[in-house]
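Notes for the one structure printed next.
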Amino acid sequence: MVGKNVVRACIRDMQAYIPGDAAEDAAVVKLNQNENRYPPSPRAVKAIESALAGVAIYPESTSRTLREAAATVYDVPVDHVIAGNGSDDILRILFHCCCNPGDVAVAFHPTYSYYATLAAMHDVRYRLIDFEGEYRLPDSLNLDDAKLVFLPNPNAPTGTVFPEAEIRRLLQAVPNGLVVVDEAYADFCAVTAMPLLREFDNLVIVRTFSKSYSLAGLRVGLGFARPELLAELEKVRDFYNVDRLAQAGAEAALLDQDWLRYIAGKVAATRDATITALRELGLTVYDSGANFVLVRFPSAARAREIYEGLRSRNVLVRYFDTRGIDDCLRVSIGTDTDMDVFKKELEALLE
Ligand code: PMP
């Protein structure tokens, strides 16, 4: 039987990545995929509408004007920027470009599980090192053999923010590979490793339009690194990886930083109020710099029960059947109204 027998063994053996439930029903309070529940910049919507007239023609292959806007906003030269079909595309490009079968990729547990999926896909050995205490980087880092090391800042699903000194320590601990600082959620706490690009040639920063910019459906991400590395990444990028509508919308969103700050500030304020309210209910909630919070329940059974209970009341949050966090729920921060519904239904379930 041909068919599946021609598939590489590492693909046949791997588990597919499972995204959170995509609910299109307006009645559902959707707090399970860390999307933004506020709309994108009106200028981005307008730019997408205007770009529609051009869809008969291929997009500009390098997303040039989008990258120029990014260079202005993040104060880096334009040759330090690559655009992707979501930041997941940039992550895939990194594996594709840098890893031979058998190479080592490292991340810290618990974290974004797509890194593991990408490692499996590329026949890369994936080493998950446990965080220490309440999600600190280990004191001793032995990463000499690592090709790629991943650290979201803030981390997902814990929300932990790592100070610049910790990012620096990690960069210094990876002499033979790249440190990928995944800043998917960085706008919700204004941290960034961007200034370190001048100092470290093994730093890659990944950013997305899916969270703070409210454009998850558009699929745009950015990567930042030294031009010598980016020139290699460019070779394996699909040459039309960011479509016309996406380039136009993301560029306009970038150029409307007032909107970004307004929305990200609102979400951050709602997050902090949510943390306080949940702690007042007696729950363990970790400090978060992201647009979600990780809430710990007394047992895995209880966390699953609350997850199911919320689901039956039309509130979707995320449950991970994963070591160390199987007694937790990750709750994305929606609008104040969303969070009022969440808190009301949660309180009813806790009674
Ligand atoms: N990195 C992290 C840490 C994430 O949580 C996500 C969202 N699931 C992504 C990257 C991917 O984001 P996107 O592909 O939508 O840009």
Side-chain angles (χ1 to χ4, degrees), residues 16-22 30-37 40 44 63 66 70 81-96 105-119 121 128 131 135 148-162 167 178-189 191-193 204-224 237-238 241-243 246-247 249-250 253-254 260 267 271 288-294 316-320 322 325 328 330-333:
Y17 179 79
I18 306 169
D21 292 350
K30 190 170 185 307
L31 306 177
N32 67 334
Q33 285 187 301
N34 299 344
E35 292 136 324
N36 200 321
R37 305 306 294 163
S63 301
L66 164 60
V81 191
I82 185 171
N85 179 23
S87 54
D88 287 339
D89 185 32
I90 310 278
L91 299 173
R92 189 196 57 75
I93 289 170
L94 281 163
F95 272 96
H96 199 134
V106 174
F108 301 91
H109 180 77
T111 199
Y112 182 37
S113 62
Y114 192 51
Y115 308 135
T117 309
L118 284 167
M121 238 182 246
L128 262 180
F131 282 114
Y135 309 121
L148 297 176
V149 177
F150 294 91
L151 183 71
N153 195 21
N155 187 40
T158 60
T160 320
V161 180
F162 301 94
I167 305 295
L178 302 175
V179 173
V180 182
V181 179
D182 184 339
E183 296 191 346
Y185 303 101
D187 287 326
F188 299 107
C189 61
V191 293
T192 184
V204 179
I205 298 168
V206 173
R207 287 196 156 236
T208 181
F209 289 82
S210 301
K211 317 294 177 182
S212 52
Y213 288 99
S214 312
L215 291 170
L218 204 61
R219 311 301 305 129
V220 191
L222 295 171
F224 299 84
R237 182 177 61 75
D238 286 344
N241 64 333
V242 186
D243 69 60
Q247 289 187 30
L254 264 181
L260 169 83
V267 172
R271 172 198 65 213
S288 170
N291 67 339
F292 55 82
V293 293
L294 189 70
L316 275 187
V317 299
R318 190 80 190 260
Y319 177 74
F320 300 96
T322 302
I325 51 168
C328 295
R330 189 197 67 192
V331 182
S332 307
I333 301 300

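Counting convention: from 1, in listed order, for ligands and their atoms alike.
- The aromatic rings of Tyr114 and Tyr17 sit perpendicular, their planes meeting at an angle over 60°, well past the 30° parallel limit.
- Considering backbone and side-chain N/O atoms, Tyr115 never comes within less than 3.5 Å of an N/O atom of ligand 1.
- Here Ser210 has side-chain heavy atoms under 4.0 Å from ligand 1, and that is the only part of it that gets that close.
- Each of the atoms 14 (O), 16 (O) of ligand 1 lies under 4.0 Å from some heavy atom of Gly86.
- Only the side chain of Tyr185 comes within 4.0 Å of ligand 1, counting heavy atoms alone; its backbone N, CA, C and O stay farther away.
- In the vicinity of Arg219, heavy-atom distances shorter than 4.0 Å reach the ligand 1 atoms 13 (P), 14 (O), 15 (O).
- Contacts with ligand 1 closer than 4.0 Å are made by heavy atoms of both the backbone and the side chain of Asp88.
- Proximity of Lys211 to ligand 1, defined as any heavy-atom pair under 4.0 Å, is confined to the side chain (atoms from C-beta onward).
- Ring geometry for Tyr115 versus Tyr112: interplanar angle over 60°, hence perpendicular rather than tilted (30 to 60°).
- With Pro157 as the partner, the side-chain contact (heavy atoms from CB on, under 4.5 Å) test is satisfied by one option alone out of Val331, Thr322, Ile325: Ile325.
- Taking the ring centroids of Phe95 and Phe150, they lie under the 6.0 Å cut-off.
- Of the protein's heavy atoms, Asp182 OD2, 2.6 Å lies nearest to atom 1 (N) of ligand 1.
- Applying the side chain to side chain contact (heavy atoms under 4.5 Å, CB included) criterion to Asp243, with sequence neighbours excluded, gives Leu245, Ala246.
- Protein heavy atom in closest approach to atom 16 (O) of ligand 1: Thr208 OG1, 2.5 Å.
- The nearest heavy-atom contact from the protein to atom 12 (O) of ligand 1 is Ser87 OG, 3.2 Å.
- Under 4.0 Å is where a charged nitrogen must lie from a carboxylate oxygen, and between Arg207 and Asp187 at least one such pair does.
- With rounding to the nearest 0.5 Å, the separation of CD1 in Ile333 from CG in Asn36 is 11.0 Å.
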